[in-house]
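Beneath this line is the structure, given in structure tokens, with notes to follow.
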Amino acid sequence: MVLAKQLGTNPRQLAEKIIAAIPESELVKKIELAGPGFINFFMAPAAYHEVIHAIIKQGDNYGYSETGKGKKILLEYVSANPTGPLHVGHGRGAAYGATLATLLETVGYQVDREYYVNDAGRQMDILATSIWLRYLDLCGEKLTFPTNGYQGDYIWDVAATLHRDNKTAYQHSTDTVFQAVPDDEPAGGDKEKHIDGLIANAKKLLGAEIYRKVLDTGLDAILGDIRKDLQEFGVIYDEWFRERSLVDSGALKHGIERLKKTGHTFEKAGALWFRSTDFGDEKDRVLIRENGAPTYFASDIAYHVNKLERGYDQLIDIWGADHHGYVPRVKAVLAALGEATEKLDVALVQFAVLYQNGKKMQMSTRSGEFVTLRELRHEVGNDAARFFYVMRKSEQHMDFDLDLAKSQSNENPVYYIQYAHARICSVFRQLKEKQFSFDIKQNNLDFNLLSEDHERDLMVTLSKYPELIENAALNHDPHHVGHYLRDLANDFHTYYNAHTFITDDAKIRDARLALISTVRQVIKNGLSILGVSAPESM
RNA sequence: GCGCCCGUAGCUCAGCUGGAUAGAGUAACCGGCUUCGAACCGGUUGGUCGGGAGUUCGAAUCUCUCCGGGCGCGCCA
């Protein structure tokens, strides 16, 4: 139909010519012209049998390909600020990134997984100060906690550790701590100026060394918690890249220098700027502030330069959708450096909007109001959480009903798929109990006996798996895998209810057992990509 | 105000590189267990694909515009 236009003929006539030109094949029973110009191929049964042989032969590797062979990808994901525990919003990026990484490996890419740790900058100062103020409270000081401080309970935990290990060694009177600090918002002041004043006093009173110790106590505790959380969620990393290391290694300076050499930087009002508008950004961006401190953007430039210099063919960043406005300026950096901007692919993951008791929940690390990823995992289990997250297209806004997730976990299609797997395992257990035996490797299996419609449907679905994986990987769309597995499980359950596998006819029995064992294999392979277990019973 | 993302069945979502009567789950109703696990299966009901215009032989899919929702527009990160 596409060609017809170019050839100036109508689609049906062209289709007839094409059909006439197609050579005969044993695998094709007949070819038909249909509708506005479709060509339908009716396959001979033997064509479907190929897939069973392929799955038996390839086993765990069925679905693998070498499309990306020799190509290296760096995938950076989650990278949440280490200022508090991961919440359910981060879980989506974690599940998406982990699944995408596995998918890309499945189609042959070499993938390195990386977490960028923002352990420098103002957020860290606010964290350290928040901890110290809670510590002072534990020392018996009476004080009003700043509006802009981190108010979560985990801050108390860190403060308690600090107090236990150091007693009152870092105590200062509330008067001196709040000396010359501008009023907080509730008192009619500016909350930003208020917290900045407290930070300045903390640094002055504690001295650089102790201040750093307070900060690191918090950073280590929180980052350690994040690592453990992700690990338990089956989300792994090859590298935890520290923002601080950019300064220590000179990479920050190096990144700025490289950008300077392109001639797209300039100085204005005592600051160093990047003329990102040369490359389509909305406005120019500051690299080095008037006070000499580099911006977060400067660090990020250095980080991306570093990534590029490590020799990757492709960089993938997974960010929360709230950072979408940041994409043009990072792309502008690549353009300025003469790199192809397509080399960096930023995947924006939309927020999960949480509902509890039918009401929308607002989450904020700062205010301490959030549902943690850990709570969710403990409530619904890792498998259900992983599957639920990755069932939705990443750029789709997602409604997450916590009550539903907790109370009726059977709503999650993951159980439907796992059940199919467990059911097949159960059939093989039954087989043993009934004193039958089955060897998948026997060479006298006769798949011509698989003549039922349900069996053909199953074989067709199974044969689509490798192509599905390829598409899901290359389009960065892991959600296709979940939907496919649901369809496969549905084909199986339908088959199961319609026919008996363990029959007295050994030939039919063996053929059917071979078929369902390939179904089990594909379910296992697919769930494995999603980071979900394939239980033998449930 | 400008920019990006989203809008498909009562609800939660697929389908979007243009193709045949728009699909699942769930909810509602009907039916199926003496037989390999009923956490299952079959069926019925349910849709102006947000509205409008355009391109095309053909539009949920591409373009424009409007409406509705989310997010972003710092010498914060």
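Remember, predicted model here, so these are calculated numbers, not experimental data. Naming convention: chains lettered A, B, ... in sequence-line order (proteins, then strands); numbering from 1 in each chain.
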Restricting both atoms to N or O, compile the protein contacts to nucleotides 74-77 of chain B shorter than 3.5 Å, with distance only.
unit_1: B:G74; atom_1: OP2; unit_2: A:Lys283; atom_2: NZ; d: 3.2
unit_1: B:C75; atom_1: O3'; unit_2: A:Arg289; atom_2: NE; d: 3.0
unit_1: B:C75; atom_1: O2; unit_2: A:Glu290; atom_2: N; d: 2.8
unit_1: B:C75; atom_1: N4; unit_2: A:Ala269; atom_2: O; d: 3.4
unit_1: B:C76; atom_1: OP2; unit_2: A:Arg289; atom_2: NE; d: 2.3
unit_1: B:C76; atom_1: OP2; unit_2: A:Arg289; atom_2: NH2; d: 3.3
unit_1: B:C76; atom_1: O5'; unit_2: A:Arg289; atom_2: NH2; d: 3.3
unit_1: B:C76; atom_1: O3'; unit_2: A:Arg289; atom_2: NH2; d: 3.3
unit_1: B:A77; atom_1: OP1; unit_2: A:Arg289; atom_2: NH2; d: 2.7
unit_1: B:A77; atom_1: OP2; unit_2: A:Arg289; atom_2: NH2; d: 2.9
unit_1: B:A77; atom_1: OP2; unit_2: A:Tyr296; atom_2: N; d: 3.1
unit_1: B:A77; atom_1: O2'; unit_2: A:Asn81; atom_2: OD1; d: 3.4
unit_1: B:A77; atom_1: O2'; unit_2: A:Asn81; atom_2: ND2; d: 3.0

Expressed as a whole number of Å, how far does the [atom1] atom of [N] sit from that of [M]?
{"N": "B:A20", "M": "B:C16", "atom1": "P", "result": "12 Å"}
{"N": "B:C30", "M": "B:G47", "atom1": "C1'", "result": "23 Å"}
{"N": "B:A60", "M": "B:U48", "atom1": "C1'", "result": "13 Å"}
{"N": "B:G25", "M": "B:G43", "atom1": "P", "result": "10 Å"}
{"N": "B:A28", "M": "B:G3", "atom1": "P", "result": "46 Å"}

Checklist entry - For the base of B:A14, is there a side-chain donor-acceptor partner from A:Asp487 under 3.5 Å away? => result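 Counting by modelled atom types and ignoring angles, no donor-acceptor contact under 3.5 Å is found here.
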Item to check | Check ion pair A:Asp281-A:Arg285 (N to O, under 4.0 angstrom) | outcome: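 Salt bridge between A:Asp281 and A:Arg285, a charged N being under 4.0 Å from a carboxylate O: yes.
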Checklist entry - Parallel under 30°, tilted from 30 to 60°, perpendicular over 60°: which one fits the rings of A:Tyr303 and A:Tyr116? => result parallel
Give one of base, sugar-phosphate or nothing for [X], where a contact means two heavy atoms less than 4.0 Å apart.
{"X": "A:Thr500", "value": "base"}
{"X": "A:Ser537", "value": "base"}
{"X": "A:Ala498", "value": "nothing"}
{"X": "A:Asn40", "value": "base"}
{"X": "A:Met124", "value": "nothing"}
{"X": "A:His454", "value": "nothing"}

Side-chain donor-acceptor contact under 3.5 Å, [X] with [Y]:
{"X": "A:Arg423", "Y": "A:His493", "answer": "yes"}
{"X": "A:Tyr416", "Y": "A:Asn490", "answer": "yes"}
{"X": "A:Glu470", "Y": "A:Thr67", "answer": "yes"}
{"X": "A:Asp383", "Y": "A:Gln418", "answer": "yes"}

Does [X] have a side-chain nitrogen or oxygen under 4.0 Å from the phosphate oxygens OP1 or OP2 of [N]?
{"X": "A:His479", "N": "B:G15", "result": "yes"}
{"X": "A:Thr494", "N": "B:G42", "result": "yes"}
{"X": "A:Lys393", "N": "B:C16", "result": "no"}
{"X": "A:His480", "N": "B:G15", "result": "yes"}

Applying the Watson-Crick and G-U wobble criteria at under 3.5 Å, what pairs with [N]? Answer none if nothing qualifies.
{"N": "B:C2", "answer": "B:G72"}
{"N": "B:A77", "answer": "none"}
{"N": "B:C64", "answer": "B:G52"}
{"N": "B:G18", "answer": "none"}
{"N": "B:U26", "answer": "B:G10"}

Checklist outcome for this item: RNA chain B nearest-nucleotide lookup for A:Leu348 and A:Tyr495: closer to the 5′ end is A:Leu348
Next on the checklist: For B:G37, is there a stacking contact with A:Tyr419, counting only centres under 5.5 Å and planes under 30°?
Outcome noted: no
Can you give me the N/O atom pairs linking the protein to nucleotides 66-70 of chain B at distances under 3.5 Å, or say none if there are none?
unit_1: B:G69; atom_1: N2; unit_2: A:His397; atom_2: NE2; d: 3.1

Item to check | Step-by-step salt bridge (Lys or Arg N to Asp or Glu O under 4.0 Å) determination, A:Glu290 to A:Lys268 | outcome: CA-CA 9 Å; A:Glu290 196 179 0; A:Lys268 191 179 89 181; over 6 Å; no
Does the ring of [Y] carry [X] above it, NZ/CZ under 6.0 angstrom from centre and within 45° of its axis?
{"X": "A:Arg244", "Y": "A:Phe241", "answer": "no"}
{"X": "A:Arg509", "Y": "A:Phe436", "answer": "yes"}
{"X": "A:Arg520", "Y": "A:Phe428", "answer": "yes"}

Between [options], spot the one nearest the side chain of [X], thanks.
{"X": "A:Tyr416", "options": "B:A24, B:C40, B:C13", "value": "B:C40"}
{"X": "A:Phe38", "options": "B:G3, B:G19, B:C41", "value": "B:G19"}
{"X": "A:Asn497", "options": "B:G32, B:G37, B:G15", "value": "B:G32"}

Checklist entry - Among pairs that include at least one residue of residues 472-491 of chain A, which meet ring-ring contact (aromatic ring centres under 6.0 Å, His included), considering only residues two or more places apart or in two chains? => result A:Tyr465-A:Tyr484
